[in-house]
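Note sheet for the following structure.
Quick note on labels: first sequence line is chain A, next is B, and so on, each numbered from 1. All heavy atoms count here, side chains included; hydrogens, waters and symmetry mates do not. Please read all numbers here as calculations on a predicted model, not as lab measurements.
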Protein chains: 2
Amino acid sequence: MAIMRDIAELHEPEALARLVSYRIRLVQIAAYKTFEARVSGHGSAPRYYGMLKLIEANPGVPQARLAEAIFLDRSSLVPILQELEREGWLERRAAPQDKRVRRVFLTPEGAGWLVALERDVEEHEARLTAGLSAEDLDTLHGLLLRLDDNLRDVQAGRV
Amino acid sequence: MAIMRDIAELHEPEALARLVSYRIRLVQIAAYKTFEARVSGHGSAPRYYGMLKLIEANPGVPQARLAEAIFLDRSSLVPILQELEREGWLERRAAPQDKRVRRVFLTPEGAGWLVALERDVEEHEARLTAGLSAEDLDTLHGLLLRLDDNLRDVQAGRV
DNA sequence: TATTGTTATACTCTATAACTATA
DNA sequence: TATAGTTATAGAGTATAACAATA
């Protein structure tokens with residue numbers, strides 16, 4: 001191939017273009033940056049939207065279970081929860097049955113703020129998936145879940 | 001909802017489960033960790049596989065164009081290129097036409113190592129997409145490209 | 001004036017190891 | 001012995017601001 005002149009767009013080789021792992025990585029990076037650029041005024045919560053929804057759906061989850069669910073080390077979760085607690089999103093309560101455990105709950109305020117944050121998330125999702133029919137979305141979800149299953153097999157050492 | 005007991009798996013609320021952005025993020029994080037755990041002995045190159053393939057397909061690309069292509073600031077790319085150059089993967093040559101520019105090329109050794117690395121990438125890709133037919137893959141690529149297009153519209157301010 | 005590459009610097013995110021208290 | 005939460009610490013990875021050289 002000739003040495004490139006200073007063209008605007010780089011050529012994307014077919015060896016990259018046909019990799020699902022490559023395309024997913026690029027889409028995820030771009031989607032995350034677009035989302036972070038979009039939301040503001042919610043403190044540090046937007047990037048933890050998924051975790052906050054998990055807490056909402058699993059009130060009283062122990063920190064260690066939460067860390068596992070989002071693929072973080074227990075110790076990495078501590079400062080995140082401390083900040084969100086300081087901002088009033090959540091609270092932690094000692095578990096009387098097992099004094100080692102601190103159970104995590106959304107505060108009523110946090111639950112309310114989450115509704116507003118959810119609107120931003122839904123708008124971002126709508127931008128991301130614009131033009132896709134309900135059937136397209138079902139297909140996409142189904143295929144992504146199959147990738148997810150495959151990865152769990154790898155992580156569990158089943159492959 | 002009742003306060004959770006210490007169950008193994010957290011409940012994933014429907015509001016999360018139907019978000020393409022959420023599922024893609026989880027798949028990407030898991031796929032990246034699986035890949036990094038898989039490859040070793042290639043120095044720091046595996047995480048820059050995509051960039052190295054771009055350099056291979058666009059020999060002599062200026063650093064600034066490369067940074068744009070992978071959504072990095074020019075300054076963030078500098079230490080990455082310095083390390084890969086030190087490891088022998090690539091070289092940078094001053095551009096006679098424009099003395100500000102340094103053009104990036106794979107070394108012959110780097111091109112050879114990339115073949116070996118590519119085998120690991122392909123194996124990882126095969127694990128990730130196991131069970132998907134050629135038609136499934138076409139469908140998935142098509143849908144991901146439509147997400148990619150939507151994000152470019154957002155970034156370009158067209159939406 | 002604008003662009004390219006670079007450096008200095010700081011910030012975010014994460015993991016590891018070690019600790020305590022509990023089980 | 002094992003687990004839950006915490007702290008101290010270090011290492012990636014990134015961006016911003018400022019700079020010199022060049023266009």
Considering every strand and a 4.0 Å limit on heavy-atom distances, what is the contact class for B/Q82: base, sugar-phosphate, or nothing?
sugar-phosphate
Side-chain donor/acceptor of A/E125 to backbone N/O of B/S21, under 3.5 Å
yes
In Å, rounded to the nearest 0.5 Å, how long is the span from CD of A/E56 to CG of A/L90?
12.0 Å
Phosphate OP1/OP2 of D/dG13 contacted by B/R47 side-chain N/O (<4.0 Å)
yes
Calculate the interatomic distance between A/Q63 atom CD and C/dA21 atom P; express it in whole Å.
17 Å
To the nearest Å, how far apart are B/K33 NZ and D/dG13 P?
14 Å
Look at the side chain of B/S75 against the base of D/dT14 and say whether a donor-acceptor pair falls under 3.5 Å; ignore hydrogens and angles.
no
Nearest-Å distance for atom pair CZ/P, residues A/R65 and D/dT3
9 Å
Kindly compute the distance separating NE2 (B/H141) from CG (B/D136), expressed to the nearest 0.5 Å.
11.5 Å
Side-chain donor/acceptor of B/H124 to backbone N/O of B/A31, under 3.5 Å:
yes
Between B/D98 (CG) and C/dA2 (P), how many Å, whole number?
17 Å
Whole Å only: how far is the CD atom of B/E68 from the C1' atom of C/dG5?
13 Å
d(CG, A/L72; C1', D/dA4) in whole Å
16 Å
Any A/R100 side-chain nitrogen or oxygen under 4.0 Å from OP1 or OP2 of D/dT6
no
Rounded to whole Å, the CD-C1' distance (B/Q97 to C/dT4) equals 14 Å
Counting just side-chain N and O atoms, does B/S76 come under 4.0 Å of either OP1 or OP2 of D/dG13?
no
So what does B/L77 touch, heavy atoms closer than 4.0 Å: a base, only the sugar-phosphate, or nothing?
nothing
Select from A/D73 and A/A95 the residue whose nearest nucleotide in DNA chain C is closer to the 5' end of that strand.
A/D73
Nearest-nucleotide pick for A/Y48, side chain only, options being D/dG5, C/dA15, C/dC13
C/dC13
Answer yes or no: is there a donor N or O on one side and an acceptor on the other, between the side chain of A/D148 and the main chain of A/L145, under 3.5 Å?
no
Counting distance alone, no hydrogens or angles: does the base of D/dG5 have a donor or acceptor under 3.5 Å from a partner atom on the side chain of A/R74?
yes
For the pair made of NZ in B/K99 and P in D/dA20, what is the distance, rounded to whole Å?
19 Å
OP1, OP2 of C/dT22 versus side-chain N and O of A/R102: anything below 4.0 Å?
no
